[in-house]
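Structure first, then comments.
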Amino acid sequence: MKEMRTLGFTEREAIQAIVDLMRKQRLHLPVGQVVELELHEDPVSATLIIEDDAGNQHRVSRNVAELAASLVNYCIERKIRLPTMANKFVEVIAGSLNLIIYIDDVESATSKKASTRRG
């Protein structure tokens, strides 16, 4: 049996996830206010639009791997449990970022009962 879980992130949560990981990794982040998060579906990517005090806009792009790392880090920091032995990837669904967790082999309750009876 296979299992798939989806964790949907609001725009605010996605922005926070991206900013948190960039700060943690000490990557350059322009000074200013995040005014928008642009999401792209194919290929999956995101762009933070940051406006500085002078009104200039700066764009910070993140690819799919960076987004996945940001969302996983966000979950870890907030003690949201994620299976370690699972494939994790990011999709844009209905205009929001989603962390998809795909577990290949999941034991069903009936197979667990059968294996405990045999053992």
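The basis for the numbers below is simple: all heavy atoms, side chains too, and nothing from hydrogens, waters or symmetry mates.
- When the shell of 6.0 Å around CZ of Arg78 is examined, it contains more than 12 heavy atoms from other residues, nucleotides or ligands.
- In this structure a side-chain-to-backbone donor-acceptor pair under 3.5 Å is missing from Lys88 to Ala69.
- Hydrophobic clustering, with ILVMFWY side chains joined whenever heavy atoms are under 4.5 angstrom apart, groups Ile15 together with Ile50.
- The CD atom of Glu51 lies 5.5 Å from the CD atom of Gln57; values are rounded to the nearest 0.5 Å.
- Expressed to the nearest 0.5 Å, how far CD1 of Ile76 lies from CG of Leu82 amounts to 6.5 Å.
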Checklist entry - Given the rule in the side-chain contact (heavy atoms from CB on, under 4.5 Å) test, do Glu66 and Met22 qualify, once you have shown the distances and angles that lead to the verdict? => result CA-CA 9 Å; Glu66 294 163 332; Met22 288 186 72; over 6 Å; no
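- Heavy-atom contacts from other residues, nucleotides or ligands closer than 6.0 Å to CG of Asn56 number more than 12.
- Taking OG of Ser70 as the start and CG of Asp20 as the end, the distance is 8.5 Å to the nearest 0.5 Å.
- The side-chain heavy atoms of Leu7 and Cys75, taken from C-beta on, include a pair separated by under 4.5 Å.
- Taking the six-membered ring for Trp and the full ring otherwise, Phe9 and Tyr74 have centroids separated by under 6.0 Å.
- Remark: Lys2 NZ to Asn87 CG distance equals 10.0 Å, nearest 0.5 Å.
- Each of Leu99, Ile100, Ile101 was scored for a side chain to side chain contact (heavy atoms under 4.5 Å, CB included) with Arg5, with one residue passing: Ile101.
- In the hydrophobic clustering of this structure, Val92 does not group with Phe89; members are Ile, Leu, Val, Met, Phe, Trp, Tyr whose side-chain heavy atoms approach within less than 4.5 Å, directly or through other members.
- The line from CD of Glu91 to CG of Asn98 is 8.0 Å long, rounded to the nearest 0.5 Å.
- There is no path of hydrophobic side-chain contacts, each under 4.5 Å, that joins Leu39 to Ile49.
- Only one option out of Val44, Val90, Leu37, Leu27 pairs with Arg62 in a side chain to side chain contact (heavy atoms under 4.5 Å, CB included); it is Leu27.
- Here the side chains of Leu21 and Leu71 are not in contact, with every heavy-atom distance at 4.5 Å or above.
- Judged purely by atom type and a 3.5 angstrom limit, Glu13 uses its side chain to pair as donor or acceptor with the backbone of Thr10.
- Put simply, Val64 and Tyr102 are part of two different groups of oily side chains (I, L, V, M, F, W, Y) that touch within less than 4.5 Å, one to the next.
- In this structure, CG on Leu48 lies 4.5 Å from CD1 on Ile18, to the nearest 0.5 angstrom.
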